[in-house]
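Below is one structure; the comments refer to it alone.
Chain identifiers are assigned alphabetically (A, B, ...) following the order of the sequence lines, protein sequences preceding nucleic acid strands; residue numbering begins at 1 within each chain.
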Amino acid sequence: MEIIVTFLTEAVPRPVSFGVEGNDGALAEFYGIIRQEEAGERIAGLNYEIYADMAEKEIRRILGELRESFPCRKVMVIHRHGFVPVGDAAIYVGVLSRHRQEGFGLLSAFMDRLKKDVPIWKVGAVSC
Amino acid sequence: MEIIVTFLTEAVPRPVSFGVEGNDGALAEFYGIIRQEEAGERIAGLNYEIYADMAEKEIRRILGELRESFPCRKVMVIHRHGFVPVGDAAIYVGVLSRHRQEGFGLLSAFMDRLKKDVPIWKVGAVSC
Amino acid sequence: MSRILFFAQARDAAGCGEIEWRNQGGETAGILWDWLVCTFPDLGSVQAGARLARNGHYLSDGETFGTEDEIAVIPPVSGG
Amino acid sequence: MSRILFFAQARDAAGCGEIEWRNQGGETAGILWDWLVCTFPDLGSVQAGARLARNGHYLSDGETFGTEDEIAVIPPVSGG
């Protein structure tokens, strides 16, 4: 399973370029977007901090485990850090697989694991 | 839940324009892609036929049922018909929701239902 | 007079995409199938897996046809 | 000599992002935490929810530190 991990401070691309090959039958994608309210307060955005070396290792470790249950061909993970304004994506995950079931399964399970184990933090909302 | 259904003969757009609003926290997307083999044979693509009036009604009916379990704000369904070459998407489904769980849930359940009930057919592979 | 639409394998079996059906109204699915298979014998092999739709909705158990319906023969679908 | 990195609330509590730790090697997580809370008392409130990492991996039960480690204090994560 090919894994590409990117951390960036500018906007997450849309679309993400994803080289489709002949046996790829499903592309499942997720953008996690900053909502306009955090803890009941209107915000302009959120700041994110990443421990990049370890975050990449954890992402690869988690995906390596999940591929046993959900064999996919290629996964791209992009996480933005620094200030992310409302309406922009903080994270993108894209999965190419033969069938949709393993792609959906990997995507959903990966997001659950990311939110528990990958050293990335919201470090405070920025008020409007 | 806003629902937009489109049938077209040209390529499915990438990206699909999707007006994100302030409470949208998750965009889950799926492209179903034509693989290079069908029933063990190399193909150039597949032909699809759609009973468009009924297909749109069925899609709206299915989504209306699923929104009870998976409340989302906006769903876009695009299905291509006529000849679809290998590597191109035959279907796109995009879901905007507050949280990712209901978006993933709707997307996955909708694809299962579509493949059982929506009057769209592969009407033959086109050989290489 | 109703219209009957044929899709996918049903179109191949009937040899056309659409016909008229000069029905009286009140016919059941069974009566329509009998008429269809009598008129287009090749539809016999499609019948087992196919569903009927009336005005864009799958026919319910016991539902009957009216005289100005758009009826469709729906072989197993394979979209996506 | 090892380095200790602080992130998020741990950075706020320590007042800096990184320090050096002139350790002997063989220290347990408990020994490190005692030293950290003694040095930066505000880290006491972070300790309960935080995990430690060593060279980019979460510390296993019973694992001890070497003398040239990159150690990190990882408060509860909130990515995505």
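- Residue contact with chain D, scored on non-hydrogen atoms closer than 4.5 Å, involves the backbone of A:I50 exclusively.
- Annotation: salt bridge (Lys or Arg N to Asp or Glu O under 4.0 Å) contacts involving residues 37-50 of chain D, sequence neighbours excluded, are absent.
- Residues of residues 83-122 of chain A placed with any heavy atom under 4.5 Å of a heavy atom in chain D are listed by number as A:A90, A:I91, A:M111, A:L114, A:K115, A:K116, A:D117, A:V118, A:P119, A:I120, A:W121, A:K122.
- Contacts of A:Y51 with chain D are made by both backbone and side-chain atoms, with heavy-atom separations under 4.5 Å.
- The number of heavy-atom neighbours closer than 6.0 Å to CD of D:Q24, taken from other residues, nucleotides and ligands shown, is 12 or below.
- Side chain of A:H79 to main chain of D:G80: a donor-acceptor pair is present (N/O by atom type, distance under 3.5 Å, no hydrogens or angles).
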CA sep, side-chain torsions, deciding dist, call: D:H57, A:K57, side-chain contact (heavy atoms from CB on, under 4.5 Å): CA-CA 8 Å; D:H57 299 278; A:K57 283 182 190 158; 3.8 Å; yes
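- Considering only heavy atoms from C-beta on, A:M54 stays 4.5 Å or farther from D:E70 through its side chain.
- The residue among A:R80, A:R61, A:H81, A:E58 with the most heavy atom pairs within less than 4.5 Å of chain D is A:E58.
- Within the 4.5 angstrom heavy-atom criterion, only backbone atoms of D:P76 (N, CA, C, O) approach chain A.
- At a 4.5 Å heavy-atom cutoff, the contact between D:N55 and chain A is made by backbone atoms alone.
- No more than 12 heavy-atom neighbours from other residues, nucleotides or ligands sit within 6.0 angstrom of CD on D:E68.
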